[in-house]
Amino acid sequence: MERSQLLVQIVDARNPLLFRCVDLEKYASELRPPRPCMLIVNKADLLSEAQRVAWAKYFSANKIEFVFWSAAKAQHELEEEARLDRLEEAAGARRAHT
């Protein structure tokens with residue numbers, strides 16, 4: 001961590017405080033220069049809008065940098081993009097043969 005510029009912790013959105021390591025953040029703040037910390041709150045798609053708002057308020061009130069993320073949603077989007085690319089390639093190949 002001494003050579004890093006940013007400390008990122010990936011935590012489960014269903015209970016982010018359980019997985020957050022405050023001791024690690026404290027250590028990062030004691031380094032010279034101090035390293036900024038960020039939580040990536042994964043599985044955010046499993047939270048309701050009200051839960052996301054409540055967590056956002058909590059993190060902001062406690063000066064915790066965070067971003068909500070869904071690896072499953074991102075994976076689905078990548079797979080859909082790849083599927084569309086394959087369809088486009090197949091259509092292009094058919095046009096080339098006509």
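We number each residue from 1, following the sequence as shown. This is a predicted model, so every value here is computed, not measured.
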Do R52 and V41 come within less than 4.5 Å of each other through their side chains, counting heavy atoms only? no
Connected via hydrophobic side-chain network under 4.5 Å: W55 and F19: yes
R14 versus P16, closest heavy-atom pair with distance: C-CD, 3.9 Å
Do the side chains of E89 and R86 get close enough for a salt bridge, i.e. N-O under 4.0 angstrom? no
At their closest point, which heavy atom of E25 faces which heavy atom of L39, and how far apart are they? OE2-CD2, 4.1 Å
Looking at K43 and D12, is any side-chain nitrogen of the basic one under 4.0 Å from a carboxylate oxygen of the acidic one? yes
When you measure from the side chain of Q9 to the backbone of C21, do you find a donor-acceptor pair of N or O atoms at a distance under 3.5 Å? yes
L24 and L7, any side-chain heavy atoms less than 4.5 Å apart: yes
If we ignore hydrogens and angles and just use 3.5 Å, is the side chain of S48 paired with the main-chain N or O of Q51 as donor and acceptor? yes
Sequence neighbours excluded, every pair satisfying salt bridge (charged side-chain N to carboxylate O under 4.0 Å, His left out) that has a member inside residues 56-67: none
Check whether any side-chain heavy atom of E81 lies under 4.5 Å from a side-chain heavy atom of E77, and answer yes or no. no
Tell me whether I40 shares a hydrophobic cluster with L6, the cluster being built from Ile, Leu, Val, Met, Phe, Trp, Tyr side chains joined at under 4.5 Å. yes
Hey, could you give me the CZ/OH distance between F66 and Y58, rounded to the nearest 0.5 Å? 12.0 Å
Can you give me the closest heavy-atom contact between A28 and C37, atom names plus distance? CB-SG, 3.8 Å
Assess whether atom CD of Q5 is packed by more than 12 heavy atoms of other residues, nucleotides or ligands within 6.0 Å. no
Within one Ile-Leu-Val-Met-Phe-Trp-Tyr cluster: L18 and F68, side-chain cutoff 4.5 Å: yes
Is any side-chain N of the basic residue among E30 and K26 closer than 4.0 Å to the acidic one's carboxylate O? yes
Linked, directly or transitively: L47 and L17 (ILVMFWY side chains, under 4.5 Å): yes
Are there over 12 heavy-atom neighbours, none belonging to R3, within less than 6.0 Å of that residue's CZ? no
So that I can tick it off, tell me whether R35 and E2 are bridged by a salt bridge, with the cut-off set at under 4.0 angstrom between side-chain N and carboxylate O. no
In this structure, are over 12 heavy atoms from other groups packed under 6.0 Å from I10 atom CD1? no
Any side-chain heavy-atom pair from M38 and I64 closer than 4.5 angstrom? no
Between D45 (side chain) and A72 (backbone), is there a donor-acceptor pair under 3.5 Å? no
